Amino acid sequence: MTLKIYGMGASRAARPLWAALELGVPFEHIAMTYKAGATRTPEFLALNPNGHIPVVVDERADGAVTVWESMACALYIARVHGQADGQSITPASPREEAEALRWTFWAVTELEKDALTVLMHRMAMPEDQRKPELADQAESRLKVPLAVLEQHLQAQHAKGEAYLAANRFTVADVCVASVASWIRPAPGLLAQHPAVAAWMKVCLERPAHKRMRAMK
């Protein structure tokens, strides 16, 4: 069996790459960018008709499984290639599964759009193309979901759990930290949410994350 992950670390492919590296799952990394029409070829569109990275192709004894949408890719890898042993990133109970699902979808619906705006208009785009007013507006809106995340992390700490779903790093943290990391160019905003900032720092210092970031 062969697991293939299409994409690069500096994209939403970070999520399945990070998950696989955390689990120590052997995989083939097909490095490809979203630029210059690389995802619009007939061959790639046969994998993902939306023309986006990442794509995960899991070559299994009973046939190939293709997954797209980055969060779905990460959750699939954790569930199918991880062990629900209470040690790995794979949820090990119905509660942990629920936490992973709800926080992953929450990150997409409540956090991602404005976090990406902050990243692009504070750091990623050429300076002459940035619109600081858009980043200002996004930061203002992000105060609401970040307050929700801050409250949850504080509640987790109060019951002795350091991460989103358990007292260990899980796929929930992979998915949410991959989005929350885009807010780093707004240090003043993060300073208002110290539990979020501390949790994110710990997540991003993990060796698997550093290895993922080096993948082109």
Side-chain angles (χ1 to χ4, degrees), residues 1-82 89-91 97 100-121 123-126 129-131 134 138 170-183 208-216:
M1 294 188 293
T2 302
L3 184 68
K4 299 178 181 179
I5 304 177
Y6 293 75
M8 60 181 186
S11 74
R12 290 178 174 87
R15 297 154 190 178
L17 288 169
W18 189 358
L21 289 167
E22 288 284 353
L23 289 168
V25 176
F27 65 92
E28 179 183 352
H29 176 216
I30 294 89
M32 63 182 305
T33 179
Y34 46 82
K35 299 177 181 178
T39 62
R40 309 304 301 182
T41 65
E43 293 78 13
F44 188 82
L45 290 172
L47 296 175
N48 184 355
N50 301 292
H52 301 312
I53 53 174
V55 173
V56 167
V57 178
D58 194 4
E59 300 282 358
R60 305 181 63 80
D62 55 351
V65 175
T66 301
V67 189
W68 30 263
E69 294 301 319
S70 61
M71 297 301 198
C73 292
L75 292 169
Y76 173 86
I77 289 171
R79 172 178 279 275
V80 175
H81 289 273
I89 67 168
T90 302
E97 184 74 28
L101 290 171
R102 72 170 181 165
W103 285 108
T104 295
F105 285 103
W106 173 88
V108 173
T109 59
E110 302 294 333
L111 207 63
E112 188 172 52
K113 181 179 178 181
D114 285 324
L116 183 59
T117 297
V118 170
L119 175 69
M120 298 304 293
H121 290 280
M123 185 177 72
M125 294 175 67
Q129 296 178 25
R130 298 177 196 170
K131 296 181 179 179
L134 295 182
T170 71
V171 69
D173 302 287
V174 169
C175 292
V176 180
S178 70
V179 178
S181 66
W182 293 349
I183 305 171
H209 180 265
K210 294 179 180 179
R211 288 174 60 197
M212 177 276 295
R213 291 296 299 167
M215 301 180 81
K216 303 299 183 184

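Only a predicted model underlies this, so the values are computations on that prediction, with no experimental measurement involved.
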For [X] versus [Y], what's the shortest heavy-atom pair and its separation?
X	Y	answer
Ala100	Pro91	CB-CG, 4.0 Å
Ala64	Val57	CB-CG1, 4.5 Å
Pro16	Ile5	O-CD1, 3.8 Å
Ile183	Ala115	CG1-CB, 3.7 Å
Ala78	Leu23	CA-CD1, 3.9 Å

Could you go through the side-chain contact (heavy atoms from CB on, under 4.5 Å) check for Met8 and Met215 one step at a time?
CA-CA 6 Å; Met8 60 181 186; Met215 301 180 81; over 6 Å; no

Whether the side chain of [X] engages the backbone of [Y] through a donor-acceptor N/O pair (distance < 3.5 Å, no angle test) should be reported.
X	Y	value
Arg211	Leu21	no
His121	Lys131	yes
Arg15	Met71	no
Ser11	Gly7	no
Thr104	Leu101	no

Less than 4.5 Å apart, side chain to side chain, heavy atoms only: is that true for [X] and [Y]?
X	Y	answer
Met32	Ile53	yes
Glu28	Thr2	yes
Thr90	Thr170	no
Arg60	Val65	yes
Val55	Phe44	yes
Val56	Thr66	no
Phe27	Leu17	yes

Residues forming a ring-ring contact (aromatic ring centres under 6.0 Å, His included) with His52, sequence neighbours excluded
none

Qualifying residues under ring-ring contact (aromatic ring centres under 6.0 Å, His included), relative to Trp106, sequence neighbours excluded
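Trp103.
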
What's the separation between atom [atom1] in [X] and atom [atom2] in [Y], rounded to the nearest 0.5 Å?
X	Y	atom1	atom2	value
Arg130	Met125	CZ	CE	8.5 Å
Asn50	Trp68	CG	CH2	4.5 Å
Leu111	Ser178	CG	OG	9.5 Å
Leu45	Thr39	CG	OG1	7.0 Å
Cys73	Asp58	SG	CG	11.0 Å

Between His209 and Glu22, is the side-chain contact (heavy atoms from CB on, under 4.5 Å) condition met? List the steps.
CA-CA 8 Å; His209 180 265; Glu22 288 284 353; 5.6 Å; no

Under a 3.5 Å threshold, yes or no: a donor from one side chain and an acceptor from the other, between Asn48 and Tyr6?
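Not at all, the side chains of Asn48 and Tyr6 share no donor-acceptor pair under 3.5 Å.
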
Regarding Arg12 and Glu112, does a basic nitrogen lie under 4.0 Å from an acidic carboxylate oxygen?
yes

